[in-house]
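Here the structure comes first, spelled out in structure tokens, and everything after it is commentary.
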Protein chains: 2
Amino acid sequence: MAIIRNTLAKKAVFEIIQGNKTAMSQTEIFAKVNNICDRVTVYRILERLVKEVKIHKIVNINGVINYAPCDACSHEQHVHHDHLHFSCTTCKKLTCIADNHIELNIPSNYQVAEVFLTVSGICPDCVIMA
Amino acid sequence: MAIIRNTLAKKAVFEIIQGNKTAMSQTEIFAKVNNICDRVTVYRILERLVKEVKIHKIVNINGVINYAPCDACSHEQHVHHDHLHFSCTTCKKLTCIADNHIELNIPSNYQVAEVFLTVSGICPDCVIMA
DNA sequence: TACAATTATGCAACATTGTTGCGTTAATAA
DNA sequence: TTATTAACGCAACAATGTTGCATAATTGTA
Ligand SMILES: [Zn+2]
Ligand SMILES: [Zn+2]
Ligand SMILES: [Zn+2]
Ligand SMILES: [Zn+2]
């Protein structure tokens with residue numbers, strides 16, 4: 001059951017996320033959606049897109065939740081979102097960076113599931129400006 | 001200028017944070033403060049304690065901002081907060097783990113400032129329960 | 001094409017979290 | 001003790017996210 005429907009609003013939201021170089025917050029997405037649907041609907045669409053593994057959720061270093069497409073996420077039918085994210089302190093943009101396999105050094109009584117790695121600094125666009 | 005005052009509320013908040021094994025959110029801290037002061041005051045105290053490098057701010061994987069003491073943060077008069085944080089998916093607690101020096105693999109046109117590394121999974125307390 | 005089933009939406013109402021302004025309180029130095 | 005001003009309380013507001021329910025729209029089927 002639970003047949004997935006491809007509505008106009010859902011397509012619009014997904015295209016907005018895909019069309020952007022960097023990850024976007026619900027607020028930014030809703031601003032771009034141009035009143036094609038309600039604020040609440042955007043929340044619900046985002047929730048669905050995450051569940052369908054079309055986008056992934058990234059928490060920025062200030063706590064704001066952002067969304068980015070999952071293109072780079074699924075390799076060989078194995079979904080993983082543990083790539084690195086770069087958070088620019090100047091333009092505040094959050095960018096997905098290719099995989100970054102790291103060695104962890106955690107006490108063995110901790111059972112590791114996912115790794116969230118975000119690096120802050122200045123992105124290429126903003127370095128040029130400076 | 002800007003003389004720092006050590007008020008009752010500030011002491012209470014700091015002791016609550018220090019007395020807890022894991023990091024705490026503003027909501028949790030205010031709940032423990034037992035109406036010794038206003039909700040807003042807790043926000044302002046937390047802000048000050050962060051500025052004074054007595055506590056540090058950690059964003060949990062769900063976007064909730066948590067606070068933990070800075071004991072483990074300053075080594076040889078050099079402050080750094082880039083240690084690893086463990087976020088338990090069962091009890092939702094956020095724990096500071098000792099330093100974790102990692103090798104990053106980021107395009108050279110990105111200018112790195114800080115590294116935020118959070119690992120999710122099951123903490124020792126919750127592993128025992130299961 | 002028409003219809004039924006049910007997913008998705010709009011809207012209102014609410015909850016939570018965080019912020020700001022301003023008059024008052026209280027910590028600290030002199 | 002007094003003056004200075006950091007810190008506080010309170011009210012009001014803003015932003016973000018959630019829920020319930022009636023209505024609309026999509027999709028498979030007849
Ligand atoms: Zn930038
Ligand atoms: Zn990403
Ligand atoms: Zn736990
Ligand atoms: Zn920490």
Side-chain angles (χ1 to χ4, degrees), chain A residues 1-17 20 22-68 87 89 92-94, chain B residues 1-17 20 22-68 87 89 92-94:
Chain A
M1 10 259 88
I3 291 138
I4 292 165
R5 289 184 187 172
N6 222 0
T7 62
L8 279 178
K10 189 178 165 189
K11 273 185 251 176
V13 167
F14 186 53
E15 275 165 24
I16 288 166
I17 296 172
N20 218 56
T22 53
M24 301 172 85
S25 66
Q26 185 276 346
T27 309
E28 292 170 309
I29 294 164
F30 179 62
K32 279 209 168 188
V33 117
N34 227 68
N35 284 322
I36 204 179
C37 70
D38 191 75
R39 201 170 65 86
V40 177
T41 303
V42 173
Y43 280 109
R44 299 202 257 231
I45 287 172
L46 291 171
E47 210 174 291
R48 261 179 288 151
L49 288 172
V50 168
K51 204 183 300 174
E52 293 168 23
V53 199
K54 291 186 141 186
I55 62 174
H56 65 287
K57 209 185 269 204
I58 317 137
V59 176
N60 206 340
I61 57 173
N62 54 5
V64 175
I65 291 171
N66 279 256
Y67 299 89
S87 177
T89 52
K92 310 297 176 196
K93 282 182 184 155
L94 188 64
Chain B
M1 14 258 86
I3 292 138
I4 292 166
R5 290 184 186 174
N6 221 0
T7 62
L8 279 180
K10 189 179 166 189
K11 274 185 249 174
V13 167
F14 186 53
E15 276 165 23
I16 287 167
I17 296 172
N20 218 55
T22 53
M24 301 172 85
S25 65
Q26 185 275 347
T27 310
E28 291 170 310
I29 294 164
F30 178 63
K32 279 208 167 187
V33 117
N34 228 67
N35 285 320
I36 205 179
C37 71
D38 192 73
R39 200 170 66 86
V40 177
T41 304
V42 173
Y43 279 109
R44 300 201 256 228
I45 289 172
L46 291 172
E47 210 173 292
R48 260 179 290 151
L49 289 172
V50 167
K51 204 182 300 174
E52 294 169 20
V53 200
K54 290 186 143 188
I55 61 174
H56 64 287
K57 209 185 268 205
I58 318 137
V59 176
N60 206 341
I61 55 174
N62 53 7
V64 175
I65 291 172
N66 280 255
Y67 299 89
S87 177
T89 51
K92 310 296 175 197
K93 281 180 182 155
L94 188 64

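Within every chain, numbering begins at 1; the chains are lettered A, B, ... in the order of the sequence lines, protein sequences first and strands thereafter.
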> What's the verdict on side-chain contact (heavy atoms from CB on, under 4.5 Å) for A/Val33 and A/Val13, showing C-alpha distance, side-chain angles and the deciding distance?
Replying inline: CA-CA 7 Å; A/Val33 117; A/Val13 167; 3.8 Å; yes

Quick one: are [X] and [Y] in side-chain contact, heavy atoms under 4.5 Å?
X	Y	answer
B/Lys92	B/Asn62	no
B/Lys54	B/Arg48	no
B/Val64	B/Asn66	yes
B/Lys57	B/Tyr67	yes
B/Phe14	B/Lys10	no

Considering only heavy side-chain atoms of B/Arg39, the closest of C/dT19, C/dC11, D/dG17 is C/dT19

Checking C/dT17, D/dA7, D/dT16 against the side chain of B/Tyr43 (C-beta onward), the nearest is C/dT17

Give the rounded distance in Å between these two atoms: [atom1] of [X] and [atom2] of [N].
X	N	atom1	atom2	result
B/Ile45	D/dA6	CD1	P	16 Å
A/Asn60	D/dT16	CG	C1'	16 Å
B/Asn35	D/dG9	CG	C1'	12 Å
B/Asp38	C/dT20	CG	C1'	13 Å
A/Lys11	C/dT9	NZ	P	12 Å
A/Glu47	D/dG17	CD	P	12 Å
B/Gln26	D/dA15	CD	P	19 Å
A/Ile36	C/dG10	CD1	P	9 Å

Reading nucleotides 19-30 of chain D from 5' to 3' and marking B where a protein heavy atom lies under 4.0 Å of the base, S where only the sugar-phosphate is that close, and - otherwise, the string is BB----BBS---

Practice problem: Scan B/Leu46 against the nucleic acid and name what it touches under 4.0 Å (heavy atoms): base, sugar-phosphate only, or nothing. | Solution: nothing

Of B/Val64 and A/Thr41, the one whose closest nucleotide on DNA chain C sits nearer the 5' end is A/Thr41

Answer yes or no: does atom CG of B/Asn6 have more than 12 heavy-atom neighbours from other residues, nucleotides or ligands under 6.0 Å? yes

